[in-house]
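For reference, the structure discussed in these notes is given below.
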Amino acid sequence: MVLRKKKPAIQSQARTLIANDNPKSPISEQYRTIRTNLEFASVDEKLTSMMVTSAGPSEGKSITTANLAVVFAQQGKKVLLVDADLRKPTIHYTFRLDNTLGLSTYLSTSQRLSTITQDSGIDNLDLVSSGPIPPNPSELLGSKGMAKFILEAKQQYDMVIFDSPPVLAVTDSQVLSTSVDGALLVVRSKQTENEAAVKAKELLVQAKANILGAVLNDREVKANNYYYYYGNS
């Protein structure tokens, strides 16, 4: 799944939820196209949980994750967006919410999901921020508490979407990928090196992740058309 568009790119519109702010825009339509392709990619088994990651930092994974959560919610599904980047979280900035309690709180204490869930202000979309940054993110994401969190979330929501750290930076995403239905890889045109993208995919394959596809950000095209290409990752 490759997202191509004329600049300015999604990333240049810092923390903009364009799928919510301008749902009729061509870029919002691209997010809906990705949503549709994700649903087709999991035709044999219903997609109820997924993570979005990237090879490295600053490739647009967090804003892509947030906008995908919005378009799934616009479809009428009850969606939970979770900031599983316990090192450099951004979701609470994007939605301008408090980060006193969050995923790390749930995993390190006996909190209930309802106590850490926040209203996004968008219909059908709830959020769980990262919470305080812990000293052991990988261990928490691979813990029994994380398995319990995912089970509880899937019982209450139609779709659970995790924003996870870059694959090449830390092992967190590899750990998380074994617990969700699929993984989406975000790469950025003219920034992500081919070798890095291939290595990120290889690491996810080694972790036995179900790779749903890839999204290419910042691809400049000559015409004023927005289009996508979907293929095997």
Side-chain angles (χ1 to χ4, degrees), residues 1-19 26-28 30-35 37-38 41 50-72 81-95 129-130 133 137-138 141 161-177 180 182-207 209-221 226-233:
M1 224 176 326
V2 179
L3 178 63
R4 301 180 179 182
K5 60 189 184 306
K6 186 177 180 181
K7 292 184 178 180
I10 292 176
Q11 288 76 19
S12 67
Q13 304 172 33
R15 308 195 194 285
T16 297
L17 290 170
I18 192 168
I27 296 176
S28 297
Q30 288 296 299
Y31 282 119
R32 288 190 289 272
T33 298
I34 294 172
R35 178 192 67 195
N37 286 334
L38 287 170
M50 61 176 288
M51 55 169 262
V52 183
T53 186
S54 59
S58 303
E59 296 183 5
K61 71 166 178 67
S62 293
I63 201 64
T64 297
T65 310
N67 278 287
L68 280 176
V70 170
V71 295
F72 272 108
L81 173 59
V82 184
D83 198 338
D85 191 336
L86 301 182
R87 300 172 191 268
K88 293 184 178 180
T90 60
I91 283 178
H92 62 289
Y93 293 124
T94 302
F95 288 86
S129 65
S130 68
I133 296 176
S138 294
L141 293 175
I161 303 177
F162 294 90
D163 178 10
S164 61
V167 177
L168 300 185
V170 290
T171 61
D172 301 16
S173 290
Q174 292 171 264
V175 172
L176 180 60
S177 69
V180 295
L184 183 66
L185 183 65
V186 175
V187 295
R188 190 172 186 179
S189 179
K190 298 182 181 180
Q191 176 168 315
T192 308
E193 296 181 357
N194 289 341
E195 183 179 347
V198 171
K199 181 61 176 178
K201 178 192 172 183
E202 290 175 349
L203 290 174
L204 290 172
V205 170
Q206 289 174 13
N210 175 27
I211 303 177
L212 299 168
V215 172
L216 177 62
N217 283 329
D218 261 1
R219 180 61 184 267
E220 185 175 6
V221 294
Y226 297 80
Y227 60 96
Y228 77 95
Y229 171 77
Y230 178 74
N232 293 329
S233 58

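All residue numbers in this chain count up from 1 along the given sequence.
With rounding to the nearest 0.5 angstrom, the CG atom of Asp85 is 9.0 Å from the OG atom of Ser54. Here the NZ atom belonging to Lys201 is positioned 6.0 Å from the CD1 atom belonging to Ile211, to the nearest 0.5 angstrom. Here CG of Leu212 is found 9.5 Å from CE of Met51. Values are rounded to the nearest 0.5 Å. Here OG1 of Thr171 is found 11.0 Å from CG of Leu176. Values are rounded to the nearest 0.5 Å. One finds the CG atom of Leu168 at 10.0 Å from the CD atom of Glu202 (value rounded to the nearest 0.5 Å). Here the CG-CZ distance, from Asn37 to Arg35, works out to 10.5 Å after rounding to the nearest 0.5 Å.
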### Query
So Leu17 and Asn67, side chain to side chain contact (heavy atoms under 4.5 Å, CB included) or not? Walk me through it.
CA-CA 6 Å; Leu17 290 170; Asn67 278 287; 4.3 Å; yes
### Val70 vs Tyr31, side chain to side chain contact (heavy atoms under 4.5 Å, CB included): CA-CA, chis, key distance, verdict
CA-CA 9 Å; Val70 170; Tyr31 282 119; over 6 Å; no
### Task
Could you please spell out the steps behind the side chain to side chain contact (heavy atoms under 4.5 Å, CB included) verdict for Val180 and Met50?
CA-CA 5 Å; Val180 295; Met50 61 176 288; 5.6 Å; no
### Message
For a side chain to side chain contact (heavy atoms under 4.5 Å, CB included) check, start with the C-alpha distance between Phe162 and Thr65, then their side-chain angles and the critical distance, and finish with the verdict.
### Response
CA-CA 8 Å; Phe162 294 90; Thr65 310; over 6 Å; no
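In terms of the salt bridge (Lys or Arg N to Asp or Glu O under 4.0 Å) criterion, Asp83 has no residue partners (sequence neighbours excluded). Remark: Ser62 pairs with Thr90, Asp163 by the side-chain contact (heavy atoms from CB on, under 4.5 Å) rule, at least two apart or across chains.
The backbone N or O of Pro165 lies less than 3.5 Å from a partner atom in the side chain of Thr53, making a donor-acceptor pair.
Applying the salt bridge (Lys or Arg N to Asp or Glu O under 4.0 Å) definition to pairs two or more places apart or across chains, those involving residues 164-174 are Arg87-Asp172.
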